Amino acid sequence: MRYRTVFYAAIAVVLFFVIVPVLGNQVEGSDAGAIQLGFEWVTKYVLPWIFLYWFIKLVKKMK
């Protein structure tokens with residue numbers, strides 16, 4: 001049950017960091033590059049932490 005909660009929380013964080021900049025730029029009337037910038041930001045800063053979390057869990061499980 002806890003793994004499911006962590007998984008959904010990670011998905012929610014990723015979606016939050018993609019949707020908020022996109023909606024903010026749409027309100028301001030900016031270009032459509034906000035979606036690309038949102039994905040770049042998520043892959044650069046958020047996904048490595050998620051990968052590190054699962055890697056640590058894998059190493060602990062192997063011990």
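Nothing here was measured: the structure is a model prediction, and the numbers come from that model.
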Value for CZ (F55) from NZ (K60), rounded to nearest 0.5 Å, stands at 12.5 Å
Exercise. Could you tell me which residues satisfy ring pair (Phe, Tyr, Trp, His ring centres under 6.0 Å) with Y45, sequence neighbours excluded, listed by chain and number?
Key: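 Ring pair (Phe, Tyr, Trp, His ring centres under 6.0 Å) check on Y45 returns W41.
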Open item on the list: Is there a path of hydrophobic side-chain contacts, each under 4.5 Å between heavy atoms of I/L/V/M/F/W/Y residues, joining V59 to L52?
Closed with: no
> Who pairs with L58 by side chain to side chain contact (heavy atoms under 4.5 Å, CB included), at least two apart in sequence or on another chain?
Replying inline: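 Once residues adjacent in sequence are excluded, the partners of L58 under the side chain to side chain contact (heavy atoms under 4.5 Å, CB included) criterion are M62.
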Applying side chain to side chain contact (heavy atoms under 4.5 Å, CB included) to F7 and not counting sequence neighbours gives I11
